[in-house]
J.: 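Pasting a structure here, questions to come.
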Amino acid sequence: MKKIIAILSFIVLCISMSSCGTPVQQTNNRIKIGVLVYDEGDTFLKGIINEMIADAKNRSKGDVDVTITVGDASGDQNTQNDQMEDMIANGCNVLAINLVDRTDPTSIINLAKKNNVPIVFFNRELVKHDLERWNQLYYVGAPAIRSGMMQGEEIADYVRSHPEADKNGDGKIQYVLLKGEQNHQDTIIRSEKAVSTAINYGVRLDKLAGEVANWSRAQAQNRMQQMINEYGDRIELVICNNDDMALGVIDDYRKMQIPVKDYPAIFGIDGTEEAVKDLKEGTLKGTVYNDAAAQADKIMQLAVALAQDEDVSNVVHSNSKSFYIDYQKLTRSNVEEFEQEHENK
Ligand code: GAL
Ligand code: CA
């Protein structure tokens, strides 16, 4: 008799747990996403944040409510760690984090584990080993190497079809490089790959100088002025790790009232709205589109699934913990087509 009761109660338990396929636990429809960024003034990141906010609005329908709170670390990792604690205390059930120092996520990861709050890191890539420290950590970004290759190809195409780019006719292209933050994966990889790709395509490059301008338009204008003071119109090509720095370079040539036809060939990366204007004016020769909307979309999909304790492999169709949205070349020859595609989105 005891045995029968035990078996029966076991069966009842099993039925109640599976309850004909409907989830036992009610899904959480109040999703509070804490977004932490290294610097809210960064143009490309502003784009990602705006897309995430729009996405959260779209998702908030009926009894579903998705809210986003943004914290700006102003370039200080300790500030970001404090902001994370506040966000958890305020009831955020998932975090999207753009690390200040991508090589130092230990406190952030420990805090997340301790409080059982999943994290989707984005844009500033942490090393694989750190991402493996907990199964609730993910990364969304873009493949740096592809942006460098594409920029290098654009440079090679341009130089080949514009022999006048070699202003002094010595068969080499004298260039300067403007770099983003020194330890950023995009700075390191783009700088190396853009140059090596252009060389592989047969461009003879001659480096005059390289300066760090930390992604910033104002800093780039400043550094460019120093390089112009030193090298003047020997500069035939300016390779920039992002568009804001390319715009800073253009600001400087504009300020000096140099005719556009005498500008060196200037190249950037990101495809920001401002940069697209300069592309059409011909002051910027090429950029590489860094798809903020697609990255924001992936971050949101992951964040919402994690907050609801869903199996994210359904969301991302892969076992990987890192997701990369590819870049796209953007020059004068495809800018109209690009704009049309984006209007239709
Ligand atoms: C890069 C982007 C830069 C800057 C940086 C910040 O991917 O091209 O413009 O936003 O991220 O981490
Ligand atoms: Ca030359």
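If you're wondering where the values come from, they're calculated on a predicted model, not measured in any experiment.
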J.: Would you confirm whether N28, through its side chain, and Q308, through its main-chain N or O, come within 3.5 Å as a donor-acceptor pair?
T.: no
J.: Take D297 and Q301 through the test side-chain hydrogen bond (donor to acceptor under 3.5 Å, both in side chains) and record every step on the way to the result.
T.: CA-CA 6 Å; D297 185 55; Q301 282 182 38; 3.1 Å; yes
J.: Taking the side chain as every heavy atom from C-beta outward, state whether K298 and Y324 have any atom pair closer than 4.5 Å.
T.: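 K298 does not reach Y324 side chain to side chain.
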J.: Can you check whether G75's main-chain N or O pairs, donor with acceptor, with D39's side chain at less than 3.5 Å?
T.: no
J.: Is a side-chain N or O of K329 found less than 3.5 angstrom from the main chain of S147, in a donor-acceptor match?
T.: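 A pair under 3.5 Å: no.
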J.: Decide if the gap between the ring center of Y139 and the ring center of F121 is smaller than 6.0 angstrom.
T.: no
J.: List the steps and the verdict of salt bridge (Lys or Arg N to Asp or Glu O under 4.0 Å) for E339 and K280.
T.: CA-CA 11 Å; E339 282 193 313; K280 286 158 88 180; 2.8 Å; yes
J.: K32 side chain to V94 main-chain N or O, any donor-acceptor pair under 3.5 Å?
T.: no
J.: Hey, can you pull the donor-acceptor pairs under 3.5 Å for the side chains in residues 45-56, sequence neighbours left out?
T.:
residue	atom	partner	partner atom	Å
N50	ND2	K46	O	3.4
D55	OD1	R59	NE	2.6

J.: Where do K113 and R133 come nearest, in terms of heavy atoms and distance?
T.: NZ-O, 3.2 Å
J.: Give a yes or no answer on whether the side chain of S60 reaches the backbone of V66 with a donor-acceptor pair at less than 3.5 Å.
T.: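 Yes, the answer is positive, given that a donor and an acceptor are paired below the 3.5 Å cut-off.
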J.: With distance as the sole criterion, is a donor-acceptor pair present between the side chains of S320 and S322 under 3.5 Å?
T.: no
J.: With V117, which of I88, L306, N93, L111 fulfils side-chain contact (heavy atoms from CB on, under 4.5 Å)?
T.: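 Exactly one candidate clears the test, I88.
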J.: Are the aromatic ring centres of F338 and Y289 under 6.0 angstrom apart?
T.: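 When the ring centroids of F338 and Y289 are compared, they turn out to be within the sub-6.0 Å range.
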J.: Parallel, tilted or perpendicular for Y158 and F267, by the 30°/60° rule?
T.: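 Plane angle over 60°, so perpendicular.
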J.: Quick check against the 3.5 Å criterion: does N98 have a side-chain atom that pairs as donor or acceptor with the backbone of F122?
T.: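 Looks like yes, one N/O pair under 3.5 Å.
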J.: Output, in order, the C-alpha distance, side-chain angles, deciding distance and verdict of side-chain hydrogen bond (donor to acceptor under 3.5 Å, both in side chains) for D206 and Q174.
T.: CA-CA 5 Å; D206 179 12; Q174 278 70 33; 2.8 Å; yes
J.: Looking at Y201, is R160 sitting on its ring face, NZ or CZ under 6.0 Å from the six-membered ring centre and within 45 degrees of the normal?
T.: no
J.: With a 4.0 Å cut-off on N to O distance, would you call E236 and K172 a salt bridge?
T.: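 Salt bridge: no.
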J.: One thing to verify: whether R217 and E274 come together as a salt bridge, which I'm taking to mean a side-chain N less than 4.0 angstrom from a carboxylate O.
T.: yes
